[in-house]
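Here the structure comes first, spelled out in structure tokens, and everything after it is commentary.
Protein chains get the first letters and strands the later ones, always in sequence-line order, with residue 1 at the start of each.
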Amino acid sequence: MEKIPILRMGSLLLVTIQVDLYDRLAENLEADLVQTINKTGAKGVLIDISAVSIIDSFMGRIIGNIATMSKILDAETVVVGMQPAVAITLVELGLPLKGVLSALNVEKGIELLTRKIADDKEPEDADDGDSE
Amino acid sequence: MTITREVDVIPFRNRLKEYAVKVGMSLVNQTKIITAASELARNMLKYAGGGNAVIEVISKGRENGIKLIFIDKGPGIPDVKLAMKDGFSTGKSLGLGLPGTKRLVSEFDIQSEVGKGTTVTVIKWKNG
Amino acid sequence: MKNEAIKVLQKKKKTILETWMKFQLADEGLREDLMSNEDLRVQSEELLNTFVDNLKDESIDDPKNSDFEPVVDILTGISISRAKQGYSPRETGTFVFSLKDALLNVLQTEIKDPQELYMQSLKISKIIDSFGVSTFETFIKGREEVILRQTDEITEISTPVIRVWDGILALPIIGTLDSSRTQVVMESLLQEIVESGSSIAILDISGVPAVDSLVAQHLIKTVSATRLMGAECIISGIRPEIAQTVVHLGIDLSHVTTKASLASALKTAFALLQLQVVKKQKVAAISEN
């Protein structure tokens, strides 16, 4: 059974999709990823789709699901490297991937995630300072 | 081509891509027609348990294009107008399948009869 | 037995050509600036030869006869090239119709019997008229090709993507935005975003004459697509009239960053990239001295 590998980089998870996803594979990825977030306590998920040439409404839904599920588990999802043609098609299809952050490439994605995670932490630190 | 399983969609998409390249479509239009085909093939699998897909190269004047016909013998769509509305879905999907697909192609036609099946024909012109 | 007129025309080919050239040169529509007289003569001779050689007993009564295909081919070539060179329809028409005058002229001097002359003239007239019609058809086709090519060129040149700063792209849109134009704009913008790794794109619409709901929708689509790629999109150059129509039409631009001028859009872009523009401290240095 084919599987999409999930790499761990510190507090981030990196998923690179390099094959054409069919439905079951995508559903497996969704389940795997949620499990891994839970196990590792990751704070951010990067999904690299630079090699994906087609995203239809089903794939879009899976990505949206992953983002929402990770959010519940306190992790941000960033989709990186979307092809221009894919972006145009998604917009035309009426699928703006609400709630999903995106970045141009993995580097910018990591930057965005670290900033987000840092932003989340800061108010907590401030609270700690007050109480002491 | 017959499409009865999820995995059949991938070779079908590859075949379609070859045709689209042969016609000389831009990358964006290739992506649009393949996405549209993917939506329609998925609909066919989900609601009718599979069916047949035909790819044709057509031309009109200076324009070339690709015509896709999806024929299934499924339960049919009782209210085509309603199915074409954004956000309407009988299944647990986003309800973007049919109306979204229509936006991706140049011409769209759907014929459906309850109990007999559904035929969807789409055309994408090279520069359309 | 060969038709009288055909015999005459084949025998008098030279005379016809001379008469035809005379008519053409005498016409005030002659365009020596576009084609030299020698070239014109070569062109005319070729056409006349093909015409007369293909004139047969069976075909003289029928302008649509397949014998005339070579003639129509030549005419098509001439007509298209003239359309592209910028000849007017009248000038191209005169070229064909002056041939009729020349042919009839020769027939008149050669055929003595008025009845026969009338019959033959009518036939020749019909044939040339049909040539005239097909000349116009192809002439217009030639012009249409010119227009199509220009349309393509306009779409291409009217969407330049400019790198205004490291990481900031600007795209001034001039003229009306229709769906095919939007597609080109989107494609070139997104492509450039990928290539330059820019995270901010500014769409300047000061050159767009009017924004209706369709244009607004196209703009929103472009913004959404840019966001999906992971870049921010700012729309600038919104004139007061446009702001008015947008509100009157009930178009929701609230989730799009809009700025009045390119300058303020650039300022926002700098802020987003955490850049600062500072004046050089020359004045301070002078006052110290």
Side-chain angles (χ1 to χ4, degrees), chain A residues 12 14-17 44-57 59-64 66-67 76-116 118-119, chain C residues 155 159 161 163 165-169 171 177-201 203 213-233 235 252-257 269 271-275:
Chain A
L12 305 180
L14 174 63
V15 182
T16 307
I17 302 175
V45 180
L46 281 166
I47 306 176
D48 179 9
I49 53 164
S50 51
V52 176
S53 57
I54 299 292
I55 294 187
D56 56 12
S57 66
M59 270 286 293
R61 196 168 91 231
I62 295 280
I63 293 176
I66 292 178
E76 290 283 348
T77 307
V78 177
V79 171
V80 300
M82 188 184 290
Q83 295 291 326
V86 173
I88 294 175
T89 307
L90 278 180
V91 169
E92 211 64 59
L93 195 61
L95 200 75
L97 295 185
K98 283 215 173 74
V100 183
L101 298 168
S102 36
L104 280 181
N105 47 41
V106 176
E107 197 188 326
K108 287 214 161 85
I110 294 178
E111 219 172 85
L112 180 65
L113 273 180
T114 14
R115 210 167 52 230
K116 275 261 166 200
D119 281 355
Chain C
T155 347
T159 50
V161 185
R163 292 186 201 193
W165 202 267
D166 190 26
I168 305 174
L169 294 178
L171 199 149
L177 263 184
D178 55 13
S179 39
S180 62
R181 185 92 193 280
T182 313
Q183 172 120 1
V184 176
V185 167
M186 255 203 254
E187 272 185 63
S188 46
L189 180 63
L190 299 191
Q191 200 53 51
E192 194 62 29
I193 288 178
V194 173
E195 274 165 25
S196 64
S198 301
S199 46
I200 293 171
L203 277 181
S213 49
L214 209 62
V215 173
Q217 214 178 26
H218 291 320
L219 286 174
I220 292 172
K221 272 185 193 166
T222 313
V223 173
S224 319
T226 327
R227 290 225 175 109
L228 276 177
M229 304 265 311
E232 193 46 50
C233 191
I235 297 181
D252 182 19
L253 286 179
S254 56
H255 49 278
V256 179
T257 320
L272 282 172
L273 289 179
Q274 288 158 349
L275 291 172

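- Residue Ser198(C) touches chain A through its backbone alone, counting heavy-atom pairs closer than 4.5 Å.
- Only the backbone of Gln83(A) has a heavy atom closer than 4.5 Å to any heavy atom of chain C.
- For Ile193(C), the parts sitting under 4.5 Å from any heavy atom of chain A are the backbone and the side chain alike.
- Heavy-atom neighbours of Glu195(C) CD from other residues, nucleotides or ligands within 6.0 Å: above the threshold of 12.
- A side-chain contact (heavy atoms from CB on, under 4.5 Å) with Leu190(C) is found for one member of Val185(C), Thr226(C), Leu228(C) and no other, namely Thr226(C).
- Residues Lys116(A) and Leu101(A) form a side-chain contact, since some pair of their non-hydrogen atoms from C-beta on lies under 4.5 Å apart.
- Summarising the local packing, CG of Asp166(C) is surrounded by 12 or fewer heavy atoms from other residues, nucleotides or ligands at distances under 6.0 Å.
- Counting heavy-atom pairs under 4.5 Å between each of Gly230(C), Ala225(C), Ala231(C) and chain A puts Gly230(C) at the top.
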